[in-house]
There are 2 protein chains.
Amino acid sequence: MSGVSLKDIAKACGMSVATVSKALNGRDDISPATRELVRHTAQQMDYLPNSAARMLKTRRSYTIGVLLEDAAGSGLTHEYFSRVLQGFKNEAEMLGYDITFLRNVNRKMGFLENCLYRGLDGAVVVNKDFDDPEVRKLLNETSFPCVTIDYVCNTRTSIESDNVKGMHTLTSYVCSEGHSRIAYIHGEGEAEVTKRRVAAFYTALEENDISIPDEYLVEGKYLHSKDAAACTKRLMELPKPPTCIMYPDDMTAFGGIEYLRSVGIRVPEDVSVTGYDGSEFSQRLLPPLTTYWQNAEKMGQEAAKELITSIEHPKTSYLKRITIEGALWKGDTVRKIETN
Amino acid sequence: MSGVSLKDIAKACGMSVATVSKALNGRDDISPATRELVRHTAQQMDYLPNSAARMLKTRRSYTIGVLLEDAAGSGLTHEYFSRVLQGFKNEAEMLGYDITFLRNVNRKMGFLENCLYRGLDGAVVVNKDFDDPEVRKLLNETSFPCVTIDYVCNTRTSIESDNVKGMHTLTSYVCSEGHSRIAYIHGEGEAEVTKRRVAAFYTALEENDISIPDEYLVEGKYLHSKDAAACTKRLMELPKPPTCIMYPDDMTAFGGIEYLRSVGIRVPEDVSVTGYDGSEFSQRLLPPLTTYWQNAEKMGQEAAKELITSIEHPKTSYLKRITIEGALWKGDTVRKIETN
DNA sequence: AATATTGTCTTAAACGATTTCGATCTTCTG
DNA sequence: CAGAAGATCGAAATCGTTTAAGACAATATT
């Protein structure tokens with residue numbers, strides 16, 4: 001235990017606690033001489049401030065909560081989320097904030113209550129389950145500083161990747177390689193992200209004068225390779241199966257490729273495949289996956305910047321919708337089809 | 001701001017703050033009637049305790065610090081570490097503790113100071129850089145509750161995977177497939193983990209009456225695929241190159257495979273390869289990687305259990321060295337060699 | 001020279017909880 | 001019925017810090 005408090009320093013220096021506090025905090029009503037004396041003895045005595053006391057008085061914790069997990073309890077282990085978190089953490093720490101996780105088990109206390117109880121200065125929500133009533137409460141019913149990632153919310157600043165441009169770019173690329181029987185397994189749920197990608201998908205098709213049967217658009221689960229395998233099976237058993245299948249993320253693309261190869265269908269010779277995310281491992285596959293890379297680190301970084309700005313300058317900050325650009329990774333899982 | 005404190009409840013109920021506090025904390029010198037009254041009004045008034053005040057008085061934060069990052073600023077994004085963290089987080093939250101990261105940038109305050117300043121109850125250290133003076137200070141110079149992962153430290157309980165058994169099993173498997181020209185790229189540094197694996201490697205060779213030239217044992221960087229490629233190159237340019245290369249982890253194995261294939265060497269037909277870790281993506285490769293799976297989630301989980309036990313029962317807890325078992329994943333990157 | 005200003009430091013209250021010790025009242029014991 | 005024991009509650013100190021307001025002396029102003 002450090003055990004040495006302002007009082008001890010005050011005693012050692014023969015002055016009042018207030019003076020010591022102000023000296024250490026660099027207030028200007030302290031003479032340079034005593035300020036130096038105080039600082040020196042504080043160092044000598046291995047003084048450490050007590051954040052709890054400081055927090056109690058100032059109502060600032062310099063700590064930000066992260067709401068990350070999905071219901072399954074994973075989340076951290078998904079490369080995309082961990083990259084977002086990484087970017088967020090680095091930036092927040094750079095700006096002088098600690099980060100902590102919001103509890104999601106033993107829910108006696110909701111997320112909002114957890115934030116208030118712990119005196120957090122703000123929170124970032126990066127979670128697929130934005131329908132959770134607790135998450136909604138956190139986002140809507142209060143003025144607690146929050147930013148969201150991958151979710152557009154009309155009460156909070158949000159950071160998202162360029163889903164429209166991304167999906168449009170990726171789809172256009174597939175078209176330009178000569179495909180016209182293109183299937184898209186889009187992620188589940190009512191999320192705006194999903195809707196935008198689907199819209200961009202159709203837009204790109206229209207621009208290339210391509211129309212696809214309704215059966216080519218199927219709903220699958222994000223990041224769930226087995227579900228992706230099942231969707232792939234259904235698609236390939238259609239009377240006229242697609243020549244290219246686009247998946248909602250790299251993980252599901254892997255699942256699809258695994259299934260295809262298990263039934264003797266070659267990728268990309270027989271069927272082409274695209275992913276989404278630009279995960280590190282997608283490029284270690286043979287052949288490397290055609291995918292759209294999301295700049296997850298930067299998304300986390302921007303989220304931290306925006307959140308902290310809104311915490312420190314609440315008056316001059318306003319709701320923003322920030323889009324972070326990604327990039328097409330051509331890879332090699334989309335083969336060129338000669339148009340005949 | 002919640003804004004309602006014990007004082008407000010006391011006023012509303014017409015009793016003292018002390019009684020309210022004790023009623024809410026379930027002390028036994030409060031009559032059931034008033035306890036119910038207090039609880040009810042507390043709920044009515046949306047009362048939330050203030051953790052800072054509570055912390056200041058009780059000197060308990062119910063928060064654990066995680067020291068994870070390596071110098072490069074990554075760590076979170078490595079599947080192995082994120083799995084450890086995941087296991088730790090889930091278990092700690094189940095036991096009623098929050099977790100937060102220990103700051104590693106802007107180091108005005110060391111890790112230990114950071115823990116004391118923030119009133120953390122304990123810390124877990126999962127970091128390759130155990131030579132960092134700050135880390136050493138945290139582990140050695142104090143009685144602050146800590147556990148380490150993947151690092152044996154004679155002052156702290158440590159959790160490690162069964163490196164000896166793991167490397168022994170993996171090497172034995174390679175031998176049993178008929179290989180005798182086996183190279184091993186071991187991770188860098190003086191870490192005990194590395195030493196144990198090297199020892200187990202040699203032990204397994206001896207048991208199979210195999211001796212290898214010294215050039216077959218090279219030092220490479222953990223998790224660094226480019227460095228692995230360079231090491232692989234050197235190995236393959238030896239007069240008598242190995243028939244199997246064992247890498248320190250899956251990531252480096254990928255790097256090695258990439259290099260080999262880029263120069264037209266087939267895996268496993270020409271050269272066999274093994275990894276270490278059992279990452280999810282190692283099984284998505286074609287062919288799936290031969291590797292030794294480490295039960296990272298369980299390591300994190302056990303670390304949390306041990307740490308919290310030592311926090312809550314300091315008297316009856318003692319230093320332990322806990323080993324978590326993994327398992328051989330045979331995969332398909334080691335080919336059988338007919339012995340002639 | 002009287003007053004106003006400035007610079008430096010202290011007093012004291014406050015943040016919101018916990019906890020020791022004692023006070024009061026009721027009930028039990030012999 | 002006197003005293004002991006038990007049940008229930010409150011007063012007050014305390015944790016370590018910040019900060020508004022005031023005190024005091026030295027200096028500047030007129």
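The sequence lines fix the lettering, A, B, ..., with proteins before strands; numbering per chain opens at 1.
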Quiz item: Want to settle it: does B/M15 or B/A53 sit nearer the 5' end of DNA chain D, counting the closest nucleotide to each?
Solution: B/M15
Exercise. From the options C/dA17, C/dC15, D/dC9, select the nucleotide whose nearest atom is closest to the side chain of A/L56.
Key: C/dC15
Exercise. Choose from C/dT18, C/dT10, D/dT17 the nucleotide whose nearest atom is closest to any side-chain atom of B/L6.
Key: C/dT18
Exercise. Quickly work out the B/L48 CG to C/dA17 C1' distance and round it to whole Å.
Key: 14 Å
Quiz item: Who passes side chain to side chain donor-acceptor pair (under 3.5 Å) against A/D29, sequence neighbours left out?
Solution: A/K22
Self-check item: side chain to side chain donor-acceptor pair (under 3.5 Å) partners of A/E91, counting only residues at least two apart
Solution: none
Quiz item: Among all residues two or more places apart in sequence or in another chain, which pass the salt bridge (charged side-chain N to carboxylate O under 4.0 Å, His left out) test with B/R83?
Solution: B/E79, B/E297
Practice problem: Find the distance A/Y47:OH to D/dT17:C1' and express it as a whole number of Å. | Solution: 7 Å
Exercise. Find the distance A/K22:NZ to C/dT11:P and express it as a whole number of Å.
Key: 12 Å
Exercise. Nearest whole angstrom, please: distance from the C1' of C/dA14 to the CZ of A/R54.
Key: 17 Å
Quiz item: At how many degrees, to 10°, do the end axes of the helix from C/dA1-D/dT30 to C/dG30-D/dC1 meet when each uses five pairs?
Solution: 50°
Quiz item: Rounded to whole angstroms, how far apart are NZ on A/K11 and C1' on D/dG16?
Solution: 14 Å
Exercise. State which of D/dA11, C/dA12, C/dA14 makes the closest approach to the side chain of A/K57.
Key: C/dA14
Practice problem: Examine the side chains of B/D129 and B/Y151 and answer whether a donor and an acceptor come within less than 3.5 Å of each other. | Solution: no
Practice problem: Go through the structure and list residues passing ring pair (Phe, Tyr, Trp, His ring centres under 6.0 Å) with A/F144, not counting sequence neighbours. | Solution: none
Exercise. Mind listing the closest non-hydrogen atom pair of A/K89 and A/I99 along with its distance?
Key: CB-CD1, 3.7 Å
Quiz item: Please give, in whole Å, the distance from D/dT17 C1' to B/Y117 OH?
Solution: 11 Å
Quiz prompt | Listed partners of A/E312 passing salt bridge (charged side-chain N to carboxylate O under 4.0 Å, His left out), at least two apart | solution = none
Quiz prompt | From C/dC15, D/dT17, C/dT20, nucleotide with atom closest to B/K7 side chain | solution = C/dC15
Quiz item: Given atom CG of B/D8 and atom P of C/dC15, what is their separation to the nearest angstrom?
Solution: 10 Å
Quiz item: Would you say a side-chain N or O of B/S16 is under 4.0 Å from OP1 or OP2 of D/dG10?
Solution: yes
Quiz item: Mind checking what makes salt bridge (charged side-chain N to carboxylate O under 4.0 Å, His left out) contact with A/R60, not counting sequence neighbours?
Solution: A/D121
Quiz item: Are B/T19 and D/dG10 close enough that a side-chain N or O sits under 4.0 Å from OP1 or OP2?
Solution: yes
Quiz prompt | Out of C/dA17, C/dC15, D/dC9, whichever nucleotide has its closest atom nearest the side chain of B/T34 | solution = D/dC9
Quiz prompt | Distance test, side-chain N/O of B/R35 to OP1/OP2 of D/dT8, below 4.0 Å | solution = no
Quiz item: Would you say A/E306 and A/K320 make side-chain contact, with heavy atoms under 4.5 Å?
Solution: yes
Quiz item: What is the nucleic acid contact for B/S5, judged by heavy atoms within less than 4.0 Å: base, sugar-phosphate only, or nothing?
Solution: sugar-phosphate
Quiz item: According to the ring-ring contact (aromatic ring centres under 6.0 Å, His included) rule, which pairs have a member within residues 48-67 of chain B, sequence neighbours left out?
Solution: B/Y62-B/Y97
Exercise. Please report, rounded to the nearest Å, how far the P atom of C/dA17 is from the OH atom of B/Y62.
Key: 16 Å
Quiz prompt | B/S21 side chain near C/dT18 phosphate (N/O to OP1/OP2, under 4.0 Å) | solution = yes
Quiz item: Does any residue of residues 24-33 of chain A have a heavy atom under 4.0 Å from DNA chain C, and if so, which ones, in number order?
Solution: A/D29, A/I30, A/S31
